J.: 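Dropping the structure in here first, questions after.
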Amino acid sequence: MGRVRAEIEVAALASAAEELWYDTSRWPTFVDGLAHVAKVEGDWPRDGRVVWDARPGGRGRVVERVAAYEPRAGQTVRVEDEKVVGTQRVEFHPTAQGCRVALQLDYVVKSQRPLMAVVDLLFIRRPMTDSLKRTLTRLRREVEAGDAVV
């Protein structure tokens, strides 16, 4: 299993970052590779799932199913796309300057081949980490552009 992680400082209240994160109508503005949200089911973000489609050449159809949710703390979702299955965790931590948002993905590549561990280390983890960083950077820009800046 692979693990990638990114975090970022945001000059806004943790509640503002959390509110934006769970607003699926805003995901196209900050989720890396997302073309559009196809459907939201259940009582998102507490329960249910979100199905979204990536841009051409990306992850294909992505399904995120809530595994755990704690208001003002974070959410864990089971995530699956054409190539990987895993667990993604987002956390919101208040700080004196605003908040820190952490995003972690634990994943397994579906197509296991010889030397997959090497392929994962050299060719999969870095792009996945970069994708998490782009998502958080865009999230910060969106949140800080709002009215809830500290």
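For clarity, every value in this text was computed on a predicted model and none was experimentally measured.
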J.: Name all residues meeting the side chain to side chain donor-acceptor pair (under 3.5 Å) criterion together with Glu41; count only those two or more places apart in sequence or in a different chain, and write none if there are none.
T.: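 Residues passing side chain to side chain donor-acceptor pair (under 3.5 Å) with Glu41: Arg49.
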
J.: Write down the atom of Leu132, the atom of Ala6, and the distance for their closest heavy-atom approach.
T.: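 Answer, listing the atom of Leu132 first, then Ala6: CB-CB, 3.9 Å.
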
J.: Quick check: do Arg46 and Val66 have side-chain heavy atoms less than 4.5 Å from each other?
T.: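 No, their side chains stay 4.5 Å or more apart.
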
J.: Below 4.5 Å, heavy atoms only, C-beta onward: do Val51 and Val37 meet side chain to side chain?
T.: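 When only atoms from C-beta onward are counted, Val37 and Val51 do not touch, as no gap falls below 4.5 Å.
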
J.: Which heavy atom of Glu144 sits nearest to which heavy atom of Ala11, and what is that distance?
T.: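 Heavy-atom minimum between the residues: OE2-N, 2.7 Å.
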
J.: Give every donor-acceptor pair under 3.5 Å between a side-chain atom in residues 26-36 and any protein atom, sequence neighbours left out.
T.:
| from | atom 1 | to | atom 2 | distance (Å) |
| --- | --- | --- | --- | --- |
| Arg26 | NH2 | Glu142 | OE1 | 2.7 |
| Trp27 | NE1 | Trp21 | O | 2.7 |
| Thr29 | OG1 | Arg26 | O | 2.6 |
| Asp32 | OD1 | Arg134 | NE | 3.0 |
| Asp32 | OD1 | Arg138 | NH1 | 2.9 |
| Asp32 | OD2 | Ser131 | OG | 2.8 |
| Asp32 | OD2 | Arg134 | NE | 3.3 |
| Asp32 | OD2 | Arg134 | NH2 | 2.9 |
| His36 | NE2 | Asp53 | OD2 | 3.3 |

J.: For Glu7, check side chain to side chain donor-acceptor pair (under 3.5 Å) against everything at least two apart and list the hits.
T.: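 Partners of Glu7 by the side chain to side chain donor-acceptor pair (under 3.5 Å) criterion, ordered by chain and then number, come out as Arg5.
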
J.: If Ile, Leu, Val, Met, Phe, Trp and Tyr residues are connected whenever their side-chain heavy atoms lie under 4.5 Å apart, and connections chain through other members, are Val77 and Val63 in the same group?
T.: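 Unlinked, Val77 and Val63 end up in two clusters.
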
J.: What closest approach, in Å, do Pro127 and Ile124 show between heavy atoms, and which atom pair accounts for it?
T.: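 Smallest interatomic distance, heavy atoms only, reads CD-O, 3.2 Å.
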
J.: Taking only residues two or more places apart in sequence or in another chain, which ones pass side-chain contact (heavy atoms from CB on, under 4.5 Å) with Ala67?
T.: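 Thr76, Arg78.
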
J.: Distance-only check: which donor-acceptor pairs under 3.5 Å involve side-chain atoms of residues 79-86, not counting sequence neighbours?
T.:
| from | atom 1 | to | atom 2 | distance (Å) |
| --- | --- | --- | --- | --- |
| Glu80 | OE2 | Lys110 | NZ | 2.7 |
| Asp81 | OD1 | Lys83 | N | 2.7 |
| Asp81 | OD1 | Val84 | N | 2.8 |
| Asp81 | OD2 | Arg59 | NE | 2.7 |
| Asp81 | OD2 | Arg59 | NH2 | 3.2 |

J.: Nearest 0.5 Å, please: how far is OG1 in Thr87 from CG in Leu105?
T.: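 It comes to 8.0 Å.
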
J.: Enter the distance from Leu20:CG to Arg140:CZ here, rounded to the nearest 0.5 Å.
T.: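 One finds 13.5 Å between CG of Leu20 and CZ of Arg140.
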
J.: Who pairs with Arg3 by salt bridge (charged side-chain N to carboxylate O under 4.0 Å, His left out), at least two apart in sequence or on another chain?
T.: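 Arg3 satisfies salt bridge (charged side-chain N to carboxylate O under 4.0 Å, His left out) with Asp106 once adjacent residues are dropped.
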
J.: Excluding sequence neighbours, so at least two apart, what forms side chain to side chain donor-acceptor pair (under 3.5 Å) with Arg100?
T.: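 Scan of Arg100 (side chain to side chain donor-acceptor pair (under 3.5 Å), adjacent residues dropped) gives none.
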
J.: Which residues pass the side-chain contact (heavy atoms from CB on, under 4.5 Å) test with Ser111, not counting sequence neighbours?
T.: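 So Ser111 forms a side-chain contact (heavy atoms from CB on, under 4.5 Å) with Val109, Arg113.
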
J.: Under the side-chain contact (heavy atoms from CB on, under 4.5 Å) test, which residues partner Glu18, sequence neighbours left out?
T.: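 For Glu18, the residues satisfying side-chain contact (heavy atoms from CB on, under 4.5 Å) (neighbours in sequence not counted) are Tyr22, Tyr69, Arg72, Phe92.
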
J.: So, using salt bridge (charged side-chain N to carboxylate O under 4.0 Å, His left out) as the criterion, who are the partners of Arg65 when residues are at least two apart?
T.: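 With sequence neighbours excluded, Arg65 shows a salt bridge (charged side-chain N to carboxylate O under 4.0 Å, His left out) to no residue whatsoever.
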
J.: Can you name the nearest heavy-atom pair linking Ala17 to Val101, along with the distance?
T.: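 Where Ala17 meets Val101 most closely, the heavy atoms are CB-CG2, 4.0 Å.
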
J.: Suppose we screen for side chain to side chain donor-acceptor pair (under 3.5 Å). Which residues come up paired with Trp52, at least two apart in sequence or across chains?
T.: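 Applying side chain to side chain donor-acceptor pair (under 3.5 Å) to Trp52 gives Glu64.
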
J.: Between Glu9 and Thr95, is there a side-chain heavy-atom distance shorter than 4.5 Å?
T.: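 They are in contact (side-chain heavy atoms under 4.5 Å apart), so the answer is yes.
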
